[in-house]
Protein chains: 2
Amino acid sequence: MSLACSSLAAAIGRQIRLRREQRGMSAAELSRRAGLAKATLSGLESGRSNPTIDTLEAVAVALAVPLTDLLVQRDQGAVQVVRATDGDESGPHRELLRRVSGGHQVEIWRLRLPAHSGFDGVPHAPGTLEQLMVAAGRLSAGPSGEQVELGAGDLLAFAGDVAHSYRTTSEAADVTVVLASPLIG
Amino acid sequence: MSLACSSLAAAIGRQIRLRREQRGMSAAELSRRAGLAKATLSGLESGRSNPTIDTLEAVAVALAVPLTDLLVQRDQGAVQVVRATDGDESGPHRELLRRVSGGHQVEIWRLRLPAHSGFDGVPHAPGTLEQLMVAAGRLSAGPSGEQVELGAGDLLAFAGDVAHSYRTTSEAADVTVVLASPLIG
DNA sequence: GACATACGTTCATTTTACCGAACAAATCGA
DNA sequence: TCGATTTGTTCGGTAAAATGAACGTATGTC
């Protein structure tokens, strides 16, 4: 067991402990289900060791999560806006707006709102992430009470499991919606 | 070095070798960049060992790939186009364009191409599905040899693990790209 | 209270992943 | 043609990951 705890191993350890406690599972029980020694899991969760992928996979299977979910900190459903970048039209431009890790079903919707219209979104399954890309126009969108003004090219991401709505004023809007819903085992 | 090569380790090994060869990098060079012994990489690519996350991370960094990209597996998808619906502007309009089931990691990119420009997309991890939503303009996109003409509001979906490209002619284009990568686990 | 069980951690021991060196084969340049 | 370099693999040694047992602690039962 090394003492040079890599930050990655520590993050993974926190992740595992978090998931385990979310399920109300004891460390002993998880180690039993994963076919690992209690000591292994202990050192793993405390970030004191540098686990093998086989070990990680066993834990992932026992926790019923995709392996990659253990490798990144869980994306919290905070509201986040990525503003359209200025039109630097000198050449092709590519930009990563957002990354959602593992274990999701993906739905892509097209949303078209005439001027002075809108509707309330149905709250989706718990854990669902909703991301809006504004193709054209202007609208105000987001969870009730946290509405954000958006223009063409903007991206808005928020937890889709609460009440939310979309509303246009003087201008129509054309929006692409990507829903990422966690899979229920 | 164990002989009980786990299928996961073997898959990861294939993945690493694939990425390395795509970059025209020798195993010796990759091991140097990753700060690993040649022997380590050799056993890793051949699926004969059970790598540590630290080792995998070093390889991922040296290959300039997210760590999770080394954990994906192959799954083909066909090229599919959903044309923009006619602008029936009588009221708010919502339309499901596409659903991708299963555990996926999602990336959302913004792509901006001036007129008469274009570039080749790097082949993504095997099994990756790429879907393009055209926010504005016109472009020709898709796998090499299966290029499709797209206009504003169109959606194109295809397997992103092959060579593909995007190209505009007289008109600029603004595109949202959603990448869905399947996961092992 | 006394006992039993389950929890999470720490301790030797075994297993093995990583390393460095040596190796044959292939490639390159003079 | 020859030497020099680079390639990918195989071989002991070492550090450390995983193991199983034992530990102190907490919780529950009679």
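In what follows, chains are A, B, ... by sequence order, proteins preceding strands, each numbered from 1. Owing to the predicted nature of the structure, the values given are computational and were not obtained by experimental measurement.
In this structure, the CG atom of A:D54 is 11 Å from the P atom of C:dT16, given to the nearest Å. Distance CG (A:L30) to P (D:dA18): 14 Å, rounded to an integer number of Å. In this structure, A:I53 atom CD1 and C:dT16 atom C1' are separated by 14 Å, rounded to whole Å. A:E21 places its CD atom 12 Å from the C1' atom of C:dG8, with the value rounded to the nearest Å. When the C1' atom of D:dG8 is taken as reference, atom CE of B:M25 falls 16 Å away, rounded to whole Å. Separating the CG atom of A:N50 from the P atom of C:dT16 is a distance of 17 Å, rounded to the nearest angstrom. We find that CZ of A:R48 is positioned 12 Å from P of D:dA18, with the value rounded to whole Å. In this entry the distance linking CZ of A:R32 with C1' of C:dT5 reads 12 Å, nearest Å.
A heavy-atom distance below 4.5 Å is found between the side chains of B:E130 and B:V177. With contacts defined as side-chain heavy-atom distances shorter than 4.5 Å, the pair A:V59/A:L41 qualifies.
Comparing C:dG20, C:dG8, D:dA18 by their closest approach to the side chain of A:S26 singles out C:dG8. When distances are taken from the side chain of A:A39 to each of C:dT10, D:dT10, D:dA18, the shortest belongs to C:dT10.
The 5' end of DNA chain D is approached more closely, in terms of each residue's nearest nucleotide, by B:L41 than by the other of B:L41 and B:T52. Between A:R20 and B:K38, the one whose closest nucleotide on DNA chain C sits nearer the 5' end is A:R20.
Counting all heavy atoms, side chain and backbone alike, A:D154 lies closest to A:E149 at OD2-O, 4.4 Å. The minimum heavy-atom distance between B:S170 and B:A115, with the atom names listed, is O-CB, 3.5 Å.
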*Under the side chain to side chain contact (heavy atoms under 4.5 Å, CB included) rule, what do A:L36 and A:L30 come out as? Steps first, then yes or no, please.*
CA-CA 8 Å; A:L36 299 172; A:L30 177 55; over 6 Å; no

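Between C:dC18 and B:T55, a contact under 4.0 Å exists linking OP1 or OP2 to a side-chain N or O. OP1 and OP2 of C:dG8 both lie 4.0 Å or more from every side-chain N or O belonging to A:S42.
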